Amino acid sequence: MTLDYLWSITLPMLEGARTTLLLFFAAIILSIPLGFLFTLMANSKFKPLSAFAHTYIYVMRGTPLLLQLLFFCYGLPMLPVIGEHLVMDRAVAAGLAFILNYAAYFAEIFRGGLLSIDKGQYEASQVLGLNKFQTLTKVILPQMIRVVLPSTANESITLVKDTALLYAVAVPEVLHFAQTAVNRDATIVPFAIAAIIYLLMTLVLTLIFKALERKYKFE
């Protein structure tokens, strides 16, 4: 086995890693604020809004991500009447499925973070004359971020690994090119290289979140 061979199978996988990273950043950037929005909706005193948020979170967390990927990529165009208007590029459809799925998980993480805040914090904010928005942004959110950072880090690492599910909907990513090389060359070396690529990506994420935890002095 030569270095030329190793490079020839690694290069396509690095191109696949670009797809993985694009999906990861799109999902993480959009699903976190969407998840927080669902947290606020779930805690709303307006019952229909709260019921909708709880139902959404239950459905998205209660069904497999792979099923949701298949539905968004192949099922949406089959819907009666509106299906023909929902035909999307498979990568876009898969990205949408990831964003909506992870928003539900982040919503639960943020809900746990909000529940950890002592009610006295809200009362103290009222005494200080802060309105609801000021209380949320200046008092509650900074404390909530500190609490949810470990869970958010864990979910982000899971997201990197879950991108391998793109293989099931024929979106070329790391695993797609690894499997192609394994089938072609009858060797498991491409799997080992794919594992190294995933480990490097999760290592970078781990270091970033460790730095964030130190910044917020999480103990």
Side-chain angles (χ1 to χ4, degrees), residues 20-65 67-69 72 95-163 165 198 201-219:
T20 296
L21 290 174
L22 284 174
L23 176 67
F24 170 79
F25 283 116
I28 207 77
I29 290 172
L30 296 176
S31 62
I32 285 180
L34 185 60
F36 187 66
L37 177 63
F38 275 111
T39 299
L40 296 180
M41 290 168 63
N43 289 338
S44 171
K45 294 180 181 177
F46 184 55
K47 295 299 181 186
L49 193 62
S50 175
F52 170 77
H54 281 294
T55 302
Y56 172 83
I57 293 169
Y58 174 74
V59 171
M60 298 306 287
R61 292 177 69 222
T63 54
L65 176 56
L67 174 62
Q68 295 164 20
L69 275 173
F72 276 87
L96 184 60
F98 269 91
I99 291 167
L100 295 177
N101 177 276
Y102 271 82
Y105 283 93
F106 281 125
E108 281 299 276
I109 290 174
F110 296 149
R111 189 173 70 86
L114 286 179
L115 289 175
S116 71
I117 308 298
D118 190 271
K119 290 183 179 178
Q121 298 286 322
Y122 295 92
E123 296 167 357
S125 300
Q126 282 184 327
V127 172
L128 292 172
L130 300 180
N131 59 36
K132 288 186 177 179
F133 181 76
Q134 290 172 323
T135 301
L136 180 66
T137 56
K138 295 184 177 180
V139 179
I140 304 303
L141 277 182
Q143 298 180 72
M144 188 199 78
I145 290 173
R146 190 172 74 106
V147 172
V148 304
L149 261 180
S151 300
T152 303
N154 186 55
E155 205 61 33
S156 300
I157 290 171
T158 302
L159 172 58
V160 171
K161 294 183 292 183
D162 276 352
T163 57
L165 291 173
Y198 281 114
M201 287 191 286
T202 55
L203 174 63
V204 171
L205 265 181
T206 301
L207 294 175
I208 290 174
F209 276 100
K210 288 290 183 187
L212 285 174
E213 288 178 13
R214 283 196 297 272
K215 180 180 178 181
Y216 283 91
K217 297 179 180 177
F218 187 86
E219 296 179 357

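Quick note: numbers below take in every heavy atom, side chains included, and nothing from hydrogens, waters or symmetry partners. Fair warning: this is a prediction, and the values are worked out from it, not measured in the lab.
When atom types are taken as modelled, the side chain of E155 and the backbone of Y105 share no donor-acceptor pair closer than 3.5 angstrom. Judged by distance alone, the side chain of S44 and the main-chain N or O of L40 form no donor-acceptor pair under 3.5 Å. Looking at Q134, its side chain does come within 3.5 Å of a backbone N or O of N131 through a donor-acceptor pair. Side chain of E108 to backbone of A104: no donor-acceptor contact under 3.5 angstrom is found. With hydrogens and angles disregarded, a donor-acceptor distance shorter than 3.5 Å links the side chain of S50 to the backbone of A42.
Each of V147, N43, V148, L141 was compared with L114 under the side chain to side chain contact (heavy atoms under 4.5 Å, CB included) criterion, and only N43 meets it.
Contact between L205 and S156 at its shortest, heavy atoms only, is CD1-O, 3.7 Å. P33 approaches I29 most closely through the heavy-atom pair CD-O, 3.0 Å. Residue Q68 comes nearest to N101 through the heavy atom pair OE1-ND2, 2.8 Å, listed as atom of the first residue, atom of the second, then distance. When all heavy atoms of Q121 and V139 are compared, the pair lying nearest together is OE1-CG1, 3.7 Å. Heavy atoms only, all atoms of each residue included: Y198 and V160 are closest at CE2-O, 3.9 Å. The minimum heavy-atom distance linking L21 with M201 is given by the pair CD2-SD, 3.7 Å.
Taken from CE in M60 to CG in L65, the straight-line distance is 8.0 Å, to the nearest 0.5 Å. Distance OG1/T152 to CG/L159: 12.0 Å, rounded to 0.5 Å. Between the CZ atom in F24 and the CD1 atom in I157 there is a gap of 9.0 Å [rounded to 0.5 Å]. Atoms CG and CG, from L69 and D162 in turn, are 9.0 Å apart once rounded to the nearest 0.5 Å. Atom CD1 of I140 and atom OG of S125 lie 5.5 Å apart (nearest 0.5 Å). In this structure, the separation between CG on L130 and OG1 on T135 is 5.0 Å, given to the nearest 0.5 Å.
At a threshold of 4.5 Å between non-hydrogen side-chain atoms, the residues F106 and I28 count as touching. Side-chain contact check for L212 versus F209: some heavy-atom pair is nearer than 4.5 Å.
Ring planes of Y102 and F98: parallel class, angle under 30° (limits at 30 and 60°). Using the six-membered ring where Trp is involved, Y56 and F38 have ring planes that are parallel, under 30° apart on the 30 and 60° scheme.
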For F36 and M144, run side-chain contact (heavy atoms from CB on, under 4.5 Å): C-alpha distance rounded to whole Å, both residues' side-chain angles, the deciding distance at 0.1 Å, then the answer. CA-CA 11 Å; F36 187 66; M144 188 199 78; 3.9 Å; yes
